[in-house]
Amino acid sequence: MTLDSGGDEGGEQGRSINLATANDDGSEMRSFFSGNIPERPLDNGLRYMVFPDNRRIFIGDFVIECSTSLETCSDARLLPVAYPAEIASGAHVAYRWSEMVVAPDNRSVAWTTLLANYSAMVFVGELLLKDDGYVITKTQIVSTINPFSADPEHPDGVIPQTVRGGEVKQFMHGGTSLSLAGLLQRDIADSVVHHLATGEMEAVTLTPGYTETTIFSPDERLGVTMTTRFSPRSDPAIFGLVPRPYPDSLNINLNMLAYSYGVTGVRRQRAGNIGPALIDIERSKIGGTDYHGTNLNSDPEWVYNSPLSWHPSSTRAMWIEQNRDTGKRRIQVMHIPEYRPGKTVAAKPTPTSLPYAITDLSVAKSYARSGQDIDVKVYGKASGYISYQRGAGLVRKTYVDFSDDGTSVYSGTETTKANPRANSTYSADMTLSGPKPGRMRLSVTFGPITGDLPAKILFDKGDDGKRISAGFAEYDGRRLQLSDLQP
């Protein structure tokens, strides 16, 4: 395994690092790299992604490279990585990369770029060694740019498209697919798989709360995922309990607040945990909200941090945990000796002919500079419509007897007013009638997403003497009260 001291994925502990290998019982620690990682504008700290060849580490803007395996390395060198000019710098870029992953072919890479207008793009390319550094070539945008197409039956309507994209987590299926954080079936993040050759998106988890970063075992039958599902008093499930139509293209912009509340806040001071959870992939796909897997959190004072990795046997996994009070880190190891793994998924060529992908990378600048103001109407296949407005921190959805199947009918409104540096609000007054009825009667005020309690739910009383945050959500017989959550 590879250990680090100094630097982390958020870049908060400095750029002077020491890297070492050790046996998985902690013995025979051996240093192989010590030095300072230069800071680049628009980088996103340090993140350590070991190549499958076990002699290189991708750390975002650099590669640490050895001529032999990391365990025997004596000649580690630091080589810069040149990203495509269109997203390497510029006012349109917030962070050049958020997370980056390497395929089993040791050449193909994928990453998410965060743009200045709070949007993001997913890229794939090839990492090639040239002269004294690496260059990313053959770059393509594989995320969705336009989430709507024209509705031929309604001149004032649009048809929502499945939105590809999210924060990349892992190459899988031998290098032919990507695991990502996405919004495929709920308004709060779940894990999804992006099949690169076709662009098809597949749900891996289906939870009303916040779940992401599913890392698949080498046989791809198990996964370990970061999740709020085992922490009911800090689980933002109330916002995702009622499924809404087209949550990827018609998202209500709650995900940032849910992450700040349920993940960042728990990593700082909010009581609770974010797992991780051990899941059976197929059961997770079909199990719906009733399937939870196994909670791997063993101590309330220690909180999961990425990255996470599996042993080649598919019977062990390990991840970083951080103590909330001291900031000290430790490595947690999971053993499942009773598990009978399948065959390790063999490496396959990562697809490069992607008919839906965009090769004109200048699109990134125009996409980031666009206001992304949206005012559309989505007509139901059976009845009614959804009016969707988005712009300048405001998102509003109005359901007018909307139904795609003729049995489940949505009526009412949802509104989010987001301001990361100040208070944000979300309100819902909506009803879902049909075989699985649901209701949302919510009024919530969140504090800023900074500080020790980011996205704090403010339960203060307003001028009318009522709580400014109150209400409930219910769906298919399950009811959640906002008052059960911590501030």
Side-chain angles (χ1 to χ4, degrees), residues 144 146-165 182-190 192 199-203 205-209 236-255 258 285-290 373-391 394-416 426-444 471-480 482:
T144 300
N146 185 359
F148 306 109
S149 63
D151 185 345
E153 297 185 7
H154 300 93
D156 62 340
V158 298
I159 298 176
Q161 305 299 300
T162 298
V163 174
R164 298 180 302 272
L183 299 169
L184 193 58
Q185 296 190 25
R186 297 277 172 154
D187 277 70
I188 307 299
D190 270 301
V192 301
E200 177 190 0
M201 303 295 289
E202 179 185 14
T205 63
L206 177 58
T207 63
I238 192 170
F239 304 108
L241 181 64
V242 179
R244 276 89 98 191
Y246 311 111
D248 48 359
S249 53
L250 301 181
N251 189 258
I252 197 64
N253 201 27
L254 277 170
N255 209 48
K285 288 179 182 178
I286 65 175
T289 57
D290 293 330
D373 289 338
I374 299 172
D375 189 348
V376 298
K377 187 177 286 186
V378 177
Y379 285 87
K381 297 173 184 176
S383 67
Y385 63 88
I386 302 171
S387 175
Y388 181 77
Q389 292 91 31
R390 182 180 189 127
L394 173 68
V395 181
R396 179 177 289 114
K397 281 196 284 188
T398 303
Y399 304 89
V400 181
D401 297 329
F402 174 89
S403 179
D404 269 342
D405 61 11
T407 59
S408 298
V409 181
Y410 290 82
S411 302
T413 60
E414 290 183 88
T415 304
T416 302
Y426 169 74
S427 62
D429 185 357
M430 61 172 290
T431 300
L432 167 61
S433 60
K436 294 184 177 181
R439 288 190 301 164
M440 294 184 76
R441 302 288 186 270
L442 277 173
S443 179
V444 189
F472 68 91
E474 59 185 20
Y475 174 68
D476 194 24
R478 181 183 179 188
R479 183 182 176 102
L480 296 175
L482 189 71

> When rounded to the nearest 0.5 angstrom, what is the spacing between CZ in Phe472 and CG in Leu482?
Replying inline: 11.5 Å
> Mind checking what makes salt bridge (Lys or Arg N to Asp or Glu O under 4.0 Å) contact with Lys381, not counting sequence neighbours?
Replying inline: none
> Roughly how far apart are Ser427 OG and Met440 CE, rounded to 0.5 Å?
Replying inline: 10.0 Å
>> Within the 4.5 Å heavy-atom criterion, are Val158 and Ser149 side-chain neighbours or not?
In response: no
>> Given 3.5 Å as the limit, does a donor-acceptor pair link the side chain of Lys397 with the main chain of Leu250, or not?
In response: yes
> Do any pairs count as a salt bridge (charged side-chain N to carboxylate O under 4.0 Å, His left out) and have a residue in residues 147-164, sequence neighbours left out, and if so which ones?
Replying inline: Asp156-Lys377
> Can you name the nearest heavy-atom pair linking Asp373 to Gly391, along with the distance?
Replying inline: OD1-CA, 3.2 Å
> When you look at Gln161 and Thr144, which way does the side chain to side chain donor-acceptor pair (under 3.5 Å) test go after all the steps?
Replying inline: CA-CA 9 Å; Gln161 305 299 300; Thr144 300; over 6 Å; no
>> Using the side chain to side chain contact (heavy atoms under 4.5 Å, CB included) criterion, which residues pair with Pro152? Sequence neighbours excluded.
In response: Ile159
> Can Leu394 and Thr416 be said to form a side-chain contact (heavy atoms from CB on, under 4.5 Å), step by step?
Replying inline: CA-CA 6 Å; Leu394 173 68; Thr416 302; over 6 Å; no
>> According to salt bridge (Lys or Arg N to Asp or Glu O under 4.0 Å), who are the partners of Asp429, at least two apart in sequence or on a separate chain?
In response: Arg441
> Can you name the residues that form a salt bridge (Lys or Arg N to Asp or Glu O under 4.0 Å) with Glu202, not counting sequence neighbours?
Replying inline: Lys285
>> Which residue is it: Thr162, Val163, Thr205? I am looking for the one with a side-chain contact (heavy atoms from CB on, under 4.5 Å) to Leu184.
In response: Thr162
> Residues in side chain to side chain contact (heavy atoms under 4.5 Å, CB included) with Ala382, at least two apart?
Replying inline: Ser403
>> My understanding is that only residues two or more places apart in sequence, or in another chain, count here; which of them pass salt bridge (Lys or Arg N to Asp or Glu O under 4.0 Å) with Asp375?
In response: none
>> Using side-chain heavy atoms (C-beta onward) and a distance below 4.5 Å, is Ser387 in contact with Val400?
In response: no
> Under the side-chain contact (heavy atoms from CB on, under 4.5 Å) criterion, do Asp404 and Tyr379 qualify, and how do the steps go?
Replying inline: CA-CA 9 Å; Asp404 269 342; Tyr379 285 87; over 6 Å; no
> How many angstroms lie between atom CG of Asp401 and atom OG1 of Thr431, to the nearest 0.5 angstrom?
Replying inline: 10.5 Å
> Of all residues at least two apart in sequence or in a different chain, which pass the ring pair (Phe, Tyr, Trp, His ring centres under 6.0 Å) check with Tyr388?
Replying inline: none
> For the atom pair OH (Tyr426) and OG1 (Thr415), what is the distance rounded to the nearest 0.5 Å?
Replying inline: 8.5 Å
> So Arg396 and Thr413, side-chain contact (heavy atoms from CB on, under 4.5 Å) or not? Walk me through it.
Replying inline: CA-CA 7 Å; Arg396 179 177 289 114; Thr413 60; 5.5 Å; no
>> Just to verify, what does Tyr385 make a side chain to side chain donor-acceptor pair (under 3.5 Å) with, not counting sequence neighbours?
In response: none
>> Using the ring pair (Phe, Tyr, Trp, His ring centres under 6.0 Å) criterion, which residues pair with Tyr475? Sequence neighbours excluded.
In response: none
> Do Pro160 and Pro147 have side-chain heavy atoms sitting under 4.5 Å apart?
Replying inline: no
> Measuring from Arg390:CZ to Ile252:CD1, what's the distance to the nearest 0.5 Å?
Replying inline: 8.5 Å
>> Enumerate the salt bridge (charged side-chain N to carboxylate O under 4.0 Å, His left out) contacts for residues 243-255, please, sequence neighbours excluded, ordered by first and then second residue.
In response: Asp187-Arg244, Arg244-Glu414
>> A side-chain contact here means heavy atoms from C-beta on lying under 4.5 Å apart; do Pro243 and Gln185 qualify?
In response: no
> Can you name the residues that form a ring pair (Phe, Tyr, Trp, His ring centres under 6.0 Å) with Phe402, not counting sequence neighbours?
Replying inline: none
>> Does any part of the side chain of Leu183, heavy atoms only, come nearer than 4.5 Å to the side chain of Asp190, both counted from C-beta?
In response: no
>> I need the Phe148 CZ to Ile374 CD1 distance, nearest 0.5 Å.
In response: 5.0 Å
> Arg186 and Leu206: side-chain contact (heavy atoms from CB on, under 4.5 Å), yes or no, with the steps?
Replying inline: CA-CA 7 Å; Arg186 297 277 172 154; Leu206 177 58; 3.4 Å; yes
